[in-house]
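One structure below.
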Amino acid sequence: QVQLVESGGGLVQAGGSLRLSCAASGGTFSMYNMAWFRQAPGKEREFVAAISWSGDSTDYADSVKGRFTISRDNAKNTVYLRMNSLKPEDTAVYYCAVRALGSIRVGEKAYGYWGQGTQVTVSS
């Protein structure tokens, strides 16, 4: 059973930065593809970014390209999401997720384990 714990969320002004962390336990982290999703109030959960098990492959939603960077440290069983130039529309609960097999995907159904989420609020 894989457990994921997100941290690093908070309140930030537009244009600011945050770094989210997701610590994994209970499995072989270095073999997992990882992703970040987010869900804003009244909206469906959406893909933000993903990284392959090796870190060699990444993918981003168009809305965050050039502003967000996903990375991982397999020695620490942790995946990160660096968020720069934040906008009010980035306000959401951010979740990390595990895809144990295959390559990275953008659809949430491809991911089998999820964290509880961390709130990010960007004020204008």
Side-chain angles (χ1 to χ4, degrees):
Q1 184 77 7
V2 178
Q3 295 183 327
L4 303 171
V5 179
E6 301 97 335
S7 62
L11 174 64
V12 63
Q13 288 188 333
S17 298
L18 283 174
R19 188 181 78 160
L20 305 183
S21 300
C22 172
S25 61
T28 308
F29 179 79
S30 60
M31 296 178 64
Y32 296 151
N33 301 302
M34 301 295 297
W36 288 94
F37 288 77
R38 67 186 181 186
Q39 187 168 22
K43 295 187 177 181
E44 294 186 350
R45 189 155 55 185
E46 65 176 2
F47 171 79
V48 175
I51 187 166
S52 63
W53 62 271
S54 65
D56 289 344
S57 180
T58 58
D59 196 8
Y60 296 91
D62 288 343
S63 59
V64 306
K65 279 181 181 177
R67 300 188 298 123
F68 291 11
T69 302
I70 189 170
S71 61
R72 65 189 297 157
D73 185 338
N74 286 347
K76 295 182 178 180
N77 289 358
T78 301
V79 63
Y80 305 97
L81 185 68
R82 177 68 179 181
M83 306 185 294
N84 295 329
S85 302
L86 282 161
K87 305 175 182 180
E89 51 263 44
D90 294 318
T91 295
V93 177
Y94 284 71
Y95 300 90
C96 68
V98 168
R99 174 171 165 79
L101 300 173
S103 57
I104 56 177
R105 292 286 188 270
V106 301
E108 64 175 284
K109 292 183 178 180
Y111 293 83
Y113 297 96
W114 294 81
Q116 292 300 307
T118 185
Q119 176 71 47
V120 172
T121 303
V122 184
S123 63
S124 57

Original post:
How far apart are the closest heavy atoms of Q119 and A92, and which atoms are they?
Top reply: NE2-O, 3.4 Å
**OP:** Please report the shortest heavy-atom distance between A14 and S124, naming the atom on each side.
**Re:** CB-CA, 4.3 Å
Original post:
So how far is it from T78 OG1 to L20 CG, rounded to the nearest 0.5 Å?
Top reply: 12.5 Å
Original post:
Going from CE on M34 to OG on S52, what distance comes out if it is rounded to the nearest 0.5 angstrom?
Top reply: 12.0 Å
**OP:** Under the side chain to side chain contact (heavy atoms under 4.5 Å, CB included) rule, what do R38 and D90 come out as? Steps first, then yes or no, please.
**Re:** CA-CA 9 Å; R38 67 186 181 186; D90 294 318; 2.9 Å; yes
Subject >> Listed partners of D59 passing side chain to side chain contact (heavy atoms under 4.5 Å, CB included), at least two apart >> reply: F47, I104, V106
Subject >> T58 side chain to I51 backbone, donor-acceptor under 3.5 Å >> reply: no
Original post:
Does R72 use its side chain to pair, donor to acceptor, with the backbone of F29 at less than 3.5 Å?
Top reply: yes
Original post:
Is there a donor-acceptor pair under 3.5 Å between the side chain of E6 and the backbone N or O of G117?
Top reply: yes
**OP:** Calculate, to the nearest 0.5 Å, the distance between atoms SG and OH belonging to C96 and Y113 respectively.
**Re:** 13.5 Å
Subject >> From L4 atom CG to Y95 atom OH, the distance as rounded to the nearest 0.5 Å >> reply: 13.0 Å
**OP:** State whether the side chain of Q3 and the backbone N or O of G26 hold a donor-acceptor pair below 3.5 Å, judged by distance alone.
**Re:** no
Original post:
Out of curiosity, Y94 OH to L81 CG, how far, rounded to the nearest 0.5 Å?
Top reply: 7.5 Å
Original post:
Do the two ring centres, one from F37 and one from Y111, sit under 6.0 Å apart?
Top reply: yes
